[in-house]
Amino acid sequence: MKNKKPLIALIVLLLIAGVGVTFAYFTSSETIANIFKIGGDYSTTIEENFTPENDWLPGEEVTKEVFVTNTGNISIVARVKYEEVWDKGLDGNMPNDPSTRVAIINFVENSEWVLHTDGYYYYNKVIPKGTKTSSFIESVTLNPDLDLNSTYIDATYTLNITVDTIQADGATDEWGITSSVVSGL
């Protein structure tokens with residue numbers, strides 16, 4: 001019996017250790033979500049003042065102005081580019097040779113829009129909330145010297161304007177521009 005006491009003590013000790021290890025597996029975990037809204041209200045509108053002519057004749061000028069308004073509460077940067085397309089209906093698209101100057105784009109005479117090497121016109125200032133840019137063009141004139149028997153007669157002219165905006169903080173990284181293009185970056 002003497003030899004059994006240490007064995008019983010060892011078994012009791014192992015049982016107590018086993019119960020302690022078993023309790024170690026009962027754990028609890030809880031997650032609390034802390035949601036933060038980053039930034040603010042990013043919103044812009046594009047306004048256009050356009051007075052089209054049904055039968056555009058040589059020498060006639062058509063108003064075409066495009067403005068960018070920052071309607072959010074984050075400062076933004078804006079850039080624009082344009083594309084001219086001539087279409088002659090069943091004859092298909094016509095080549096557009098800007099050197100012919102059939103449609104003359106009349107740019108606004110100011111230094112607020114700067115033509116950059118990437119082909120975009122950048123508004124040269126950061127646009128704070130609630131403000132509007134000037135327009136980069138004011139009108140388009142059909143060349144007054146256009147021959148009425150030219151291949152452009154009965155064609156359709158489309159001036160496509162593309163406007164991009166970005167929050168001012170991201171313009172340097174995303175568009176690769178600096179304060180030499182847009183002051184205030």
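With sequence neighbours excluded, the residues satisfying side chain to side chain contact (heavy atoms under 4.5 Å, CB included) with Glu60 are Glu53, Trp56, Leu57. In this view, Thr162 satisfies the side chain to side chain donor-acceptor pair (under 3.5 Å) rule with no residue, not counting sequence neighbours.
Scanning both residues, Gly119 and Lys81, for their nearest heavy atoms gives O-CB, 4.0 Å. Here the shortest heavy-atom pairing between Pro58 and Asn143 reads CB-O, 3.4 Å.
Annotation for Phe67: hydrophobic cluster partners, listed by chain and number, are none (ILVMFWY side-chain heavy atoms under 4.5 Å, direct or chained). Applying the 4.5 Å side-chain rule to ILVMFWY residues, one finds Tyr120, Tyr122, Val126, Ile166, Trp175, Ile177, Val181, Val182, Leu185 in the same cluster as Val77.
Residues Ile137 and Asn106 are not in side-chain contact: their nearest non-hydrogen atoms beyond the backbone lie 4.5 Å or more apart. Between Ser134 and Val108, every side-chain heavy-atom pair lies at or beyond the 4.5 Å cut-off. In this structure, the side chains of Val80 and Tyr123 stay at 4.5 Å or more apart for every pair of heavy atoms.
Taken to the nearest 0.5 Å, the NZ atom of Lys132 stands 12.5 Å off from the OG1 atom of Thr71. Rounding to the nearest 0.5 Å places OG1 of Thr156 at 8.5 Å from CH2 of Trp86.
The side-chain contact (heavy atoms from CB on, under 4.5 Å) test with Ile161 is passed by exactly one of Glu83, Lys64, Glu48: Lys64.
For residues 128-151, the pairs satisfying ring pair (Phe, Tyr, Trp, His ring centres under 6.0 Å) are Trp113-Phe136, Tyr121-Phe136, with sequence neighbours left out. Annotation: salt bridge (Lys or Arg N to Asp or Glu O under 4.0 Å) contacts involving residues 175-185, sequence neighbours excluded, are absent.
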